[in-house]
Every structure is written in C-alpha cells, then in structure tokens.
There are 2 protein chains.
Amino acid sequence: MSNPTTTVSMRPPLGCAAVMMQVLRGELRERELPFTHQREAIAQVLFESTRHLSADDVAAALRQRGEHAGKATVYRTLALLVELGLAAEHDFDEGFKRYETQVGAAQHDHLICTECGRVSTFHHPELDRILAEVAAEKGFETITRQVKVFGTCSESATCREAQRTYRETGPIS
Amino acid sequence: MSNPTTTVSMRPPLGCAAVMMQVLRGELRERELPFTHQREAIAQVLFESTRHLSADDVAAALRQRGEHAGKATVYRTLALLVELGLAAEHDFDEGFKRYETQVGAAQHDHLICTECGRVSTFHHPELDRILAEVAAEKGFETITRQVKVFGTCSESATCREAQRTYRETGPIS
DNA sequence: AGCGGATTGAGAACCGGTCTCGAAACCGAT
DNA sequence: ATCGGTTTCGAGACCGGTTCTCAATCCGCT
C-alpha cells in the first residue's frame, strides 16, 4: 500500500480550462488542423465559462477581452469543438443554440425554467441504463441523447407564482 | 358479471382522425374560437397522418387536396393545436419543427436516426417515474419533457453500415 | 524567410418563423 | 336570411440566427 500523502504527479494544478486547452491542441494536431489564434480564443471563452453560452455570448466575451472573431468563425469553431467532443450543443427552445464545455463523457441532462430561463442540470444513473436498454432493444446505436424537462422552477418569487398558476389552470390560462 | 361480448356503445367506429376533429370542435367552441375552414383542413391533415409533419409538409398536403392556407395561418393553427393539447411539437435538429397528433396524454419519446431520418417512438414507464422524481427533488413543476436519442437505426443497409463505421471510428471519421 | 494549403472575415444569402393590416369569414342576434 | 361586430385569413414584408462566398491572411513546416 502506498502512502496516501504521496502523489504520483507533481505537476502544478492546471485548472479545467487549461487541461481542456491541452486536449484541444492535441486533437487538432492529431487531425493536422491548425491551432489558430481564433480557435484558441473561442475555446478559452467556452472552457472558462460554466454557463451555457450562445454564439453571441461568445462573440461578446471575446470583445470584452479585446479579441475579435468573425461571426462565421465563431460558429465554425463551436461546431468543430462539438465534433471533437469538447463541447456540447443545446437547444433550449429559445430560437438559437447554446454551447458548454463537455468534459469527458460526463453526460448530464437539463431542467429548463420557461419562466426565468434558468437551466439546472441533473444526472440520474438509471436514465443511462433505461435509454441504453431501449436502444439495444430496437437495434439502435446511440450517438448522443437529450433529456430536457421544461417547467417552472422555484428559484424566484415570480417563478413560484407561475408554478401556482400553472398547477391551478393547466397549460391554457 | 357482464357478458364479455356485449359492448356498451354501438356507435360506428369514427376513426381516430374523426374523433380528434370532434374534440377540436368542442375545444374551440368552449373557448369561443371560430371553427374555420382553414383550421379544419390543417387539423385534418395532421390528424390523418401518422408521421411527423413540418409546417411545409402540411402546406404541401393541403395543396394536394386542392385546399390552401397562408403560411401564417398554418403556423398559427399548428401553434393553436399544440396549445389545445391536440398536437405535439418536436425538434429533431433539422432546423425546423415537426408536429404530430397528440392523443390524450400518451407521452412517448423518440429515437432519431441521423443517417436516414427515420423517427421511431418508445415509451418506458420508468422514465416518467425518474423524471418526476428528479423534478420533485429540485422543486420543479414539470410542464412537458423531451427525451430524444440520436443515433443510427438498423432499418436499411446504409444505416447498418453507418452503425458499424461509428462503432469503429467514433464521432469523427 | 518562403511555400502550399487551410482558415478567416465582411457581408450577402438563406431560411424558418413572425408580424402587419386590409379583406374576408364566422357566428349569434335580429 | 341578413346584419354587424369580432375574429381570422393571407400576401408579403420583415426578423434573427446561421451558413455561404471568396479574396486576403495565417499556420506549420522546411
């Protein structure tokens, strides 16, 4: 048994964003795709954020850092990150997409408040099992899945109010 | 004990579409909304189809019947049917929405083949339980939910081929 | 530094979907 | 049946997110 206080690696903690950036660099190299300044900057913004960012949010964040990337580049890069498995794309029915860092295969799902727009996440291991079962049963090879629960949260007074109204009157008021 | 061959109702079978149309008529009356020719025609198209129709599909189906309704009317009517709970809206990541008849509260979920576009449905009772649990735990009042599994089906040779390729090479080929 | 090929960016194009507002349809009451 | 007030309808303008275009630029390698 090894001494629990002994660590194998003494590398200084890089932080999640830095690790992700290393991974990105490697993935690009492997595919012989250039690691451009824009790709770095856009990935940086995404990796350092814990929120779900729209393409516009990313562009705004870049501007705030004194960086700049064309609209087309932002979209292209986000699509690339999704392809590489480093980002996940979400559609919360707002009329546009949102993106977030995807660390490994750590699947999680979303609760979306239709009142205030807050998005909270959850992970339920049984979900994975059930969906895998269903797919297997149907001869389906799963690539990805989306589980979204729309409703009203209880974070703010207005949302709690909406909850009450909804419970009383149903979908049409 | 009643004779099992005795039926309570002797009404001739109307067919699902006709029943749905009766329900629509009732819902509109109840809300004092006019039962217009266009609303009838659009609902008819949807109720008689077992597929997931886009707004464009609906317009095309109308044309084929010699009917016609403006784009705005098609969208407005589909939105109305959703509000009334007679239709369900789906987003299969195609860049537009699809609609299908919603009979009662029979929730079901979708497997979407990214190769051929086929959509198959499933219902797993445990899903309802799990999602209700999660919502309750977070103080969330559910309005609706979406469970979508994207992947490749085994219906056609090309899809099975894609399955094999995907299993071997992962998301990027 | 120089080369070949991929990326970038400004803006146009695209495309679902929504909005506008005069014309037409609906429906209950006369 | 018809009248009138109210609602819906429809053609097309409009909107906003996303993709496309293509010349200029950048990347990575020697």
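Values below: all heavy atoms of this structure, side chains included; hydrogens, waters and symmetry mates excluded. Just so it is clear: chains get the letters A, B, ... in the order the sequence lines come, proteins before strands, and each one is counted from 1. Quantities reported herein were computed from a predicted structural model and do not represent experimental measurements.
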Please report, rounded to the nearest Å, how far the [atom2] atom of [N] is from the [atom1] atom of [X].
X	N	atom1	atom2	answer
Glu67(A)	dG9(C)	CD	C1'	15 Å
Asp93(B)	dG17(D)	CG	P	18 Å
Phe92(B)	dG16(C)	CZ	C1'	17 Å
Arg31(B)	dT8(D)	CZ	P	13 Å
Ile42(A)	dC26(D)	CD1	P	16 Å
Glu83(B)	dT8(D)	CD	P	12 Å
Arg98(A)	dG17(D)	CZ	C1'	13 Å
Leu28(B)	dC27(C)	CG	C1'	13 Å

Side chain of [X], backbone of [Y]: donor and acceptor closer than 3.5 Å?
X	Y	answer
Glu67(A)	Ala41(A)	no
Thr101(A)	Leu46(A)	yes
Lys148(A)	Asp91(A)	yes
Gln163(A)	Gly139(B)	yes

When you get a sec, tell me which of [options] is the closest nucleotide to the side chain of [X]?
X	options	value
Tyr75(B)	dC26(C), dT18(D), dT18(C)	dT18(C)
Ala72(A)	dA10(C), dC26(C), dA6(C)	dA10(C)
Pro34(A)	dG10(D), dC27(D), dT8(D)	dC27(D)

Let me know, please, whether Tyr99(B) or Leu33(B) comes out on the 5' side of the other along DNA chain C by nearest nucleotide.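 It is Tyr99(B) whose nearest nucleotide is closer to the 5' end.
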Nearest-nucleotide comparison on DNA chain C, the residue closer to the 5′ end among Glu32(A) and Phe35(B):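 Comparing both residues, the 5'-ward one is Glu32(A).
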Do Gln102(B) and Val82(B) pass the side-chain contact (heavy atoms from CB on, under 4.5 Å) test, and can you show the C-alpha distance, the side-chain angles, and the key distance before you say yes or no? CA-CA 8 Å; Gln102(B) 173 94 309; Val82(B) 170; over 6 Å; no
Between Arg76(A) and Lys71(A), which residue's closest nucleotide on DNA chain D lies nearer the 5′ terminus?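 Here Lys71(A) is the residue nearer the 5' end.
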Contact nearer the 5' end of DNA chain D, comparing Lys97(A) with Thr36(B):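 The residue closer to the strand's 5' end, by nearest nucleotide, is Thr36(B).
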Can a side chain N or O of Gln38(A) be found less than 4.0 Å away from OP1 or OP2 on dG9(C)?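 Checking Gln38(A) against dG9(C): at least one side-chain N or O falls below 4.0 Å of OP1 or OP2.
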His37(A) side chain N/O closer than 4.0 Å to the phosphate oxygens (OP1, OP2) of dG28(D)?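 Checking His37(A) against dG28(D): no side-chain N or O falls below 4.0 Å of OP1 or OP2.
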